[in-house]
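The first residue in the sequence is number 1, and the count goes up from there.
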Amino acid sequence: MWTKPYGMKEGFLIGGGLIFAGLMLELSVGPVVWDAFRWPASGIVMAGFLTIIGIIYLLQKKVYGFLFIGTYKAAIPALVYAVVLTIIMGLTQQTVNGVWLSNMLSFWPFVLIYVYIAVILGMIIIRHTLHFQWKRDIPFLLNHLGLFLAMTTATLGNADMQRLKMITVKGEPEWRAMTQDQQIVEMPIAIELKQFIMETYDDGSPRRFASDIQILTKTGKNIMTTVEVNKPVEVDGWKIYQYGYDTQMGAMSQTSILELVSDPWLPLVYTGIYMMLAGAVCMFLKGKK
């Protein structure tokens, strides 16, 4: 073991070492604090991460461990660890303020394994880009670059995503919203509830509820629209969802609870997903030929 060339055993040991290091970090400093990576810190981290991948690639001929990172013998064990941790996440109830397995996105072993996979992807992408062959590498690069883009932007975007609740009262403009820990945030938009709408079944249970609202923005927009469950309205980077109402008043409710979501990195995540889909289509067409 640890004799060149490295094999799958070394790959699993490296992955296991990352999980152990993650556990030590979890015990010593607690979970990953994503709020520390809010923009512009997220942009700086992304630039630094890309630079590190470039340095690792340039030094791979001098440091054998760096050369090994770009091989399938490193990638397969890393993917196995990632799949196991992802399955655990799916089987465990996840909560925003949870610890360890109950908040996997902030669990150091989970984060380090996915960072390691991103480094492996980066190495492979650089190698194929520098030795590009049109017919061979277009589907490959679309798949791998798309996955890299989706993974990194979704991870860093977690810090910049905001999910807020706003309680609106009929006839009273509201520009304040609350975070999940009940902190008040002043919004760049104001919303006034014009009319709460509810349609019911024969037994009186709600079939549909929505809100006619007026939205005023700092950019001068004045929008009259209707928002309902699963049919959000998007204004200046914010998606506005119908969330709740005064259940005691029912159809006569004079208040409406809205959820406001901002995820500025989401377009990049979608770009990565579309690239993977395009790569899959290219591979299918290539296979038919």
Grouping I, L, V, M, F, W and Y whenever their side-chain heavy atoms are under 4.5 Å apart, do [X] and [Y] come out in a common cluster?
{"X": "I184", "Y": "V261", "result": "no"}
{"X": "L216", "Y": "M224", "result": "no"}
{"X": "M161", "Y": "V45", "result": "no"}
{"X": "V83", "Y": "M8", "result": "no"}
{"X": "V33", "Y": "L105", "result": "no"}

Above 12 or not: heavy atoms from other molecules or residues under 6.0 Å from [atom1] of [X]?
{"X": "E234", "atom1": "CD", "answer": "yes"}
{"X": "D202", "atom1": "CG", "answer": "no"}
{"X": "I167", "atom1": "CD1", "answer": "no"}
{"X": "F49", "atom1": "CZ", "answer": "yes"}
{"X": "Q248", "atom1": "CD", "answer": "no"}
{"X": "W175", "atom1": "CH2", "answer": "no"}

Main-chain N/O of [Y] paired to [X] side chain as donor or acceptor, under 3.5 Å:
{"X": "Q242", "Y": "G244", "answer": "yes"}
{"X": "Q254", "Y": "M252", "answer": "yes"}
{"X": "E172", "Y": "V169", "answer": "no"}

Q: Apply side chain to side chain contact (heavy atoms under 4.5 Å, CB included) to the pair Y241 and V229, showing each step before the final yes or no.
A: CA-CA 6 Å; Y241 294 84; V229 179; over 6 Å; no

Hey, does [Y] have a side-chain heavy atom less than 4.5 Å from the side chain of [X]?
{"X": "E174", "Y": "E192", "result": "no"}
{"X": "L50", "Y": "F148", "result": "yes"}
{"X": "P264", "Y": "S262", "result": "yes"}
{"X": "M178", "Y": "Q183", "result": "no"}
{"X": "E26", "Y": "P31", "result": "yes"}
{"X": "F37", "Y": "V32", "result": "yes"}

Report the distance from atom [atom1] of [X] to atom [atom2] of [Y], rounding to the nearest 0.5 Å.
{"X": "N143", "Y": "I138", "atom1": "CG", "atom2": "CD1", "answer": "11.5 Å"}
{"X": "S205", "Y": "M198", "atom1": "OG", "atom2": "CE", "answer": "9.5 Å"}
{"X": "S253", "Y": "K170", "atom1": "OG", "atom2": "NZ", "answer": "10.0 Å"}
{"X": "S256", "Y": "Q195", "atom1": "OG", "atom2": "CD", "answer": "10.5 Å"}
{"X": "M46", "Y": "T51", "atom1": "CE", "atom2": "OG1", "answer": "11.5 Å"}
{"X": "K231", "Y": "R208", "atom1": "NZ", "atom2": "CZ", "answer": "7.0 Å"}

Testing T155, T152, T153, D160 one by one against W265 for a side-chain hydrogen bond (donor to acceptor under 3.5 Å, both in side chains), which residue passes?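 Result for side-chain hydrogen bond (donor to acceptor under 3.5 Å, both in side chains) with W265: D160.
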
In terms of side-chain geometry, is the basic nitrogen of R176 or E186 positioned less than 4.0 Å from the acidic oxygen of its partner?
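No.
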
Ring centroids only, cut at 6.0 angstrom: are F140 and H144 within range, meaning strictly under it?
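They qualify: ring centres under 6.0 Å apart.
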
**Q.** CA sep, side-chain torsions, deciding dist, call: R207, T200, side chain to side chain contact (heavy atoms under 4.5 Å, CB included)
**A.** CA-CA 5 Å; R207 180 169 65 88; T200 61; 5.7 Å; no

Practice problem: State, without any angle test, whether T226 and D212 hold a side-chain donor-acceptor pair at a distance under 3.5 Å. | Solution: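 Yes.
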
Note to self: Listing request: all salt bridge (Lys or Arg N to Asp or Glu O under 4.0 Å) pairs with a residue in residues 27-43, at least two apart in sequence or in separate chains.
What the structure shows: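 Of all non-adjacent pairs touching residues 27-43, those that pass salt bridge (Lys or Arg N to Asp or Glu O under 4.0 Å) are D35-R38.
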
List the atom pairs, donor and acceptor, that lie under 3.5 Å between side-chain atoms in residues 269-276 and the rest of the protein, sequence neighbours left out.
from, atom 1, to, atom 2, distance (Å)
T271, OG1, P267, O, 2.8

**Prompt:** What heavy-atom pair brings A41 and A36 nearest, and what distance separates the two atoms?
**Reply:**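 Here A41 and A36 meet closest at CB-O, 3.6 Å.
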
Hydrophobic cluster mates of I240, side-chain heavy atoms under 4.5 angstrom, ILVMFWY only, any path?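 So far as hydrophobic clustering goes, I240 is joined with L164, M166, V185, M187, I189, I191, L193, I213, I215, I223, V227, V233, V235, W238, L258, L260.
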
Item to complete: Return the set of residues passing ring pair (Phe, Tyr, Trp, His ring centres under 6.0 Å) with F209 (not counting sequence neighbours), or none when no residue passes.
Response: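 With neighbours one apart ignored, the set is Y245.
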
Cut-off 3.5 Å, no hydrogens considered: what does the side-chain donor-acceptor table look like for residues 108-124, sequence neighbours left out?
from, atom 1, to, atom 2, distance (Å)
W108, NE1, G30, O, 2.8
Y114, OH, T86, OG1, 2.6

Side-chain donor-acceptor pairs of residues 61-80 under 3.5 Å, sequence neighbours excluded:
from, atom 1, to, atom 2, distance (Å)
Y64, OH, Y6, N, 2.9
T71, OG1, F68, O, 2.7

